[in-house]
Amino acid sequence: MARILGLSAFYHDSAASLVVDGEIVAAAQEERFTRKKHDPAFPTEAIAYCLREGGISIGEVDYVAFYEKPLRKFERLLETYISYAPAGFKSFAMAMPVWLKEKLRQSSLIRKDFGGDFKGSLVFTDHHESHAASAFFPSPFEEAAILTLDGVGEWTTTAMGVGQANKITLTRELPFPHSLGLLYSAFTYYCGFKVNSGEYKLMGLAPYGKPIYRNLITQHLIDLKDDGSLWMDMRYFNYCQGLTMTSRAFHELFGGEPRRPESAIEQRHMDLAASIQAVTEEAMLAMGREVFRETGMRHLVLAGGVALNCVANGCLLREGPFDDIWIQPAAGDAGGSLGAALFVWHQLLEKPRVVSGLDSQKGSLLGPKFTTTEICDWLDGMGVSYYRAATEAELVDEVVDLLAADKVIGWFQGRMEFGPRSLGARSILGDPRSPSMQATMNLKIKFRESFRPFAPCVLASEAHKWFDLEPGQTSPYMLLVAPVHHDRRIEIDESTRRTMEGDPDLRARVNIPRSVIPAVTHVDYSARVQTVDVGRNPRLTALMTAFARRTGCPVLVNTSFNVRGEPIVCTPEDAYRCLLATEMDALVLEDVIVFKRDVSDRVDAAERERHLAQFQLD
Ligand SMILES: [Fe+2]
């Protein structure tokens, strides 16, 4: 027997994963427990949870696998600073003391954090090996081509290779500073969004623009080869030596200074978003074709932060050479903890891998769960009144009534998701047919005004009738974008289209109904689809089946259970606090429903402000 604890930490999105004899027992991000978004700290709480879930103590862990090699990373930082000296002195001076004091002593620090109780072996896997392992080992494929893409690990920014049975082999790498992830982040920064978290906003902005800067990017910033590798002209970037992403030459090329965060979004920014998105899709497609040529594999697996670009993933699946693609749901660095643990089991301990048709990620529902009894005890202790359904059918009926009456529901069921997406365990649900739902959910729940529609979940069996997906094609982890089916679209007349295109208010544009499910339809008819099946999400399937029976619509709005800037809720207490802080109508905690109208007298305005103020705008 081998109990392997995987860790990622000290950069962003710290996480822990527990693998016992090859089975993924638990995985969670530290931010969910500490309530600090993208928390980079040593994942003390996530580790405690994983051990609790596995019913073991740290003394019973055989291996701790850390997702990258600190010395190699230090070497990259040092070499980069030296080659840009003296320009990089300021960021050098800021980064080095931390490295010298903490990060280089990671192995002794990790042992120290366990209070001397950990007696097993400590293994450091390579950053991209961890991503690659997280993509291939849990996938449903016996063999597959592997592509990992992120900002940067130790040295590598992109890796290609192959996975067969219980082994992965990485054959090609692209070295820092040449990086599709950092290129995308440079545009994220330039368009006024936060690097490492605002990339999805840039992706959501792209459909408003035209890719008019595409040639400028490929002629000046990068040399994109036929095999998808790209070489960047570092005169346009500043991340090697400075504290910003882009240089003055970049700003001159694109006609101005970076957009100030939260200031007005201009057509130029939309066109820049569309342009970098087009280049990203082109590069990913070229890389996909190259790794296909090299390996001859029919399937592809993906991980690394760039693999969260679900528009590019959808394009790769539709236009690329592969029959099917599997993407690690925790594609960013949090998932590295899982990859590192699985790498030890399969690659180092040479344990076989059994493929059964389904992936072994368990719907990515790998976090804590709470029983109805625990929830009722807590609510009773708080003196909160609630309705407890006697059966699942009764619960589902009640929730369908609410959804059909345009109510917004907090849906808290089973184990929490691992990865950045809410997949129906910690979700806010609504009726996608309602033309006002996008604005309502944004203003009353998320406290933001957004130019992006929400994501839909759809019953897997009905997905191809509502979105351009093949019958049987699934997207269980919301990592593919597909267009809304032609039959569900609403034609926009020419005069509305013209007025809309000139409207500087993007929210007005997105709120013009383009389909019978307007709350989840983007301006280019695209939707970030999650397919829901009974195997992974039995209760959500029951709810959606009943909703479809009532309304004819097997689709719901599924957005993350949080307010703007808050990590997704973890416990019933987090969820209840979110109910009080927002204008959500009801909270469904396992078999129990708490109605907002029954607790509205408990809303303390000052307490609410304090709660909301702790989350920085993202
Ligand atoms: Fe990474």
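Start at 1 and go down the list; that is how both ligands and their atoms are numbered.
- In this structure, E262 pairs ionically with R564, as a charged nitrogen and a carboxylate oxygen lie closer than 4.0 Å.
- Each of E45, E566, E30 was evaluated against R35; a single residue qualifies, E566, per the salt bridge (charged side-chain N to carboxylate O under 4.0 Å, His left out) test.
- For the pair R32 and F418, the cation-pi criterion (under 6.0 Å, within 45° of the ring axis) is not fulfilled.
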Less than 3.5 Å apart, which donor and acceptor atoms pair up between the side chains of residues 315-323 and the rest of the protein, not counting sequence neighbours?
from: R318; atom 1: NH1; to: V481; atom 2: O; distance (Å): 3.2
from: D323; atom 1: OD2; to: R298; atom 2: NE; distance (Å): 2.8
from: D323; atom 1: OD2; to: R298; atom 2: NH2; distance (Å): 3.3

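- Taking the six-membered ring for Trp and the full ring otherwise, the centers of Y190 and H269 sit at least 6.0 Å from each other.
- Contact between E417 and R426 at its shortest, heavy atoms only, is OE2-N, 3.0 Å.
- Listed by chain and number, the protein N, O or S atoms at a distance under 2.8 Å from the Fe ion (ligand 1) are H127 NE2, H131 NE2, D150 OD2, D333 OD1.
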